[in-house]
Student: 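Here you go, one structure.
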2 protein chains.
Amino acid sequence: MLSKTCEYGIRATIFIALQSMLGMRTSLKYIAEEIDSPEAFTAKILQKLVRVKIIESSKGMNGGFNMSMDRIKSTTLSEIVYAIDGLDISNRCVLGLSQCSSINPCSVHHKFKPVREDLIALLTKTTVEEMAIGIKEKLAILR
Amino acid sequence: MLSKTCEYGIRATIFIALQSMLGMRTSLKYIAEEIDSPEAFTAKILQKLVRVKIIESSKGMNGGFNMSMDRIKSTTLSEIVYAIDGLDISNRCVLGLSQCSSINPCSVHHKFKPVREDLIALLTKTTVEEMAIGIKEKLAILR
DNA sequence: TTATATTCGGACTCATATGTCCTATTTTTC
DNA sequence: GAAAAATAGGACATATGAGTCCGAATATAA
């Protein structure tokens, strides 16, 4: 469904949001520990999320990653997924046909359409804030 | 969503079913041409589908692949997907957490559950026959 | 200003998915 | 029985995803 890179990216973002909600900046090392991900690899993913401005970073002592309350509220799961995995999850034909479309459908196109629409709705409507709150209230896990 | 291997496998199965419905056995070469897939790679995939008895093969002149009417009617998309890609599509946590479950959910587990259930329902309810008929009646494409 | 703690970014390694090639085996036809 | 046409299967090759390493840049604190 999602690449591992994307899974790590989402988990890291949720954790950064959580810490930011407590007014804290978080170091890569701590993030990797808390979400149980390889540190150096996570660094690469966070770089990408910084470039698309989903999260912010600062170098040097007491540096680390953080997220503005604005971003926490406005950023959706879809933005993270698209930034890391691209648009395939929304666009790619289930059978891999490049020409597949509503007027030129593959054998499962119409059946699959509502499922895909629900998936896209889920991605575009779920905010980072929502996901972070689940963790904060200990209703959900992050590792 | 699905691996390319799986996409080729499904398309090949649909085409073999179509030909079988016309009483014909189909060669690898023809299959690969018709579904626009790499021939040698498709051979590997078909081997796997033969082993799990979704399709049948026969060697020698006039050999090739075919599918019994029984199989065409009873085989579902899920069987092909599970045979090639395994159970990840039904089981893997969206955020990649090995411990994620209903009682120990990740941040999107509950939201994602109905979408996943719809997806699984689609896979387990769509038969090869259905998919083949779409092609036969020229309501759907295969390449 | 120097030591230290941090991110940045390029080059590299490793694993897995994707794809190819060649020979063996089987079956049919002549 | 020999030739031809097909699948089977192992070994190999290539591309992509996943992950590591290390030096450079930057910021803070003593």
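Numbered from 1 within each chain, the chains take letters A, B, ... in sequence-line order.
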Student: Could you work out which one of D:dT7, C:dT7, C:dT20 sits closest to the side chain of A:K59?
Tutor: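 My answer, after comparing the listed nucleotides, is C:dT7.
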Student: Within the pair B:K4 and C:dG19, is there a side-chain N or O less than 4.0 Å away from OP1 or OP2?
Tutor: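 Indeed, a polar side-chain atom of B:K4 lies that close.
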Student: Taking the nucleotide of DNA chain D with the closest heavy atom to each, which residue, B:K29 or A:S58, is nearer the 5' end?
Tutor: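 Upstream on the strand: B:K29.
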Student: Provide, to the nearest angstrom, the distance between the CD1 atom belonging to A:I55 and the C1' atom belonging to C:dT7.
Tutor: 11 Å
Student: Check this one for me: any side-chain N or O of A:N62 less than 4.0 Å away from OP1 or OP2 of C:dT6?
Tutor: no
Student: Assign B:R51 to base, sugar-phosphate, or nothing according to its heavy-atom contacts below 4.0 angstrom with the strands shown.
Tutor: sugar-phosphate
Student: Measure from NZ on A:K48 to C1' on D:dG17 and round the result to the nearest Å.
Tutor: 11 Å
Student: Taking the side chain of B:Q47 as heavy atoms from C-beta outward, which of D:dG9, D:dA4, C:dG19 is closest to it?
Tutor: D:dG9
Student: Are more than 12 heavy atoms from other residues, nucleotides or ligands located less than 6.0 Å from atom CD of B:Q99?
Tutor: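 Not buried by this count: 12 neighbours or fewer within 6.0 Å.
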Student: Can you tell me how far C1' of D:dG10 sits from CZ of B:F41, to the nearest Å?
Tutor: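 Computing the B:F41:CZ to D:dG10:C1' distance gives 16 Å.
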Student: Are the side chains of B:T75 and B:T13 in contact, using a 4.5 Å heavy-atom criterion?
Tutor: no
Student: Let's see if you can work this out: which of C:dT18, D:dA8, D:dT20 has an atom nearest to the side-chain heavy atoms of B:V50?
Tutor: D:dA8
Student: Rounded off to whole Å, could you give me the CG-to-P distance for the A:L28 and D:dT20 pair?
Tutor: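 Roughly 12 Å, once rounded to whole Å.
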Student: May I ask you to test the B:L95-B:C100 pair for a side-chain heavy-atom distance under 4.5 Å?
Tutor: no
Student: Tell me yes or no: between the side chains of B:R25 and B:S58, is some donor less than 3.5 Å from an acceptor?
Tutor: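 Result is yes, a qualifying pair exists.
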Student: What nucleic acid atoms does A:K44 come within less than 4.0 Å of, heavy atoms only: base, sugar-phosphate, or nothing?
Tutor: base
Student: Counting any heavy atom closer than 4.0 Å, what does B:Y8 reach on the DNA or RNA strands: base, sugar-phosphate only, or nothing?
Tutor: sugar-phosphate
Student: For the pair made of CE in B:M61 and P in D:dA5, what is the distance, rounded to whole Å?
Tutor: 5 Å
Student: Taking CG from B:L46 and P from D:dG9, how many angstroms apart are they, rounded to a whole number?
Tutor: 13 Å
Student: If you compare every side-chain N and O of B:T5 against the phosphate oxygens of C:dT18 (OP1, OP2), does one of them come in below 4.0 Å?
Tutor: yes
Student: Does D:dA8 have OP1 or OP2 under 4.0 Å away from a side-chain N or O of B:S57?
Tutor: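 Checking D:dA8 against B:S57, a side-chain N or O does come within under 4.0 Å of OP1 or OP2.
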Student: Quickly work out the B:I31 CD1 to D:dA6 C1' distance and round it to whole Å.
Tutor: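 B:I31 atom CD1 is separated from D:dA6 atom C1' by 12 Å.
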Student: Expressed as a whole number of angstroms, how long is the span from B:I84:CD1 to C:dT18:C1'?
Tutor: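 After rounding, the gap between these two atoms is 13 Å.
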Student: Counting heavy atoms from C-beta on, name the nucleotide in C:dT7, C:dT18, D:dG19 closest to the side chain of A:F65.
Tutor: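 Closest of the options to the side chain of A:F65: C:dT7.
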Student: Of A:K136, A:K73, A:R71, which is the lone residue that meets side-chain hydrogen bond (donor to acceptor under 3.5 Å, both in side chains) with A:E129?
Tutor: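 Only match with A:E129 under side-chain hydrogen bond (donor to acceptor under 3.5 Å, both in side chains): A:K73.
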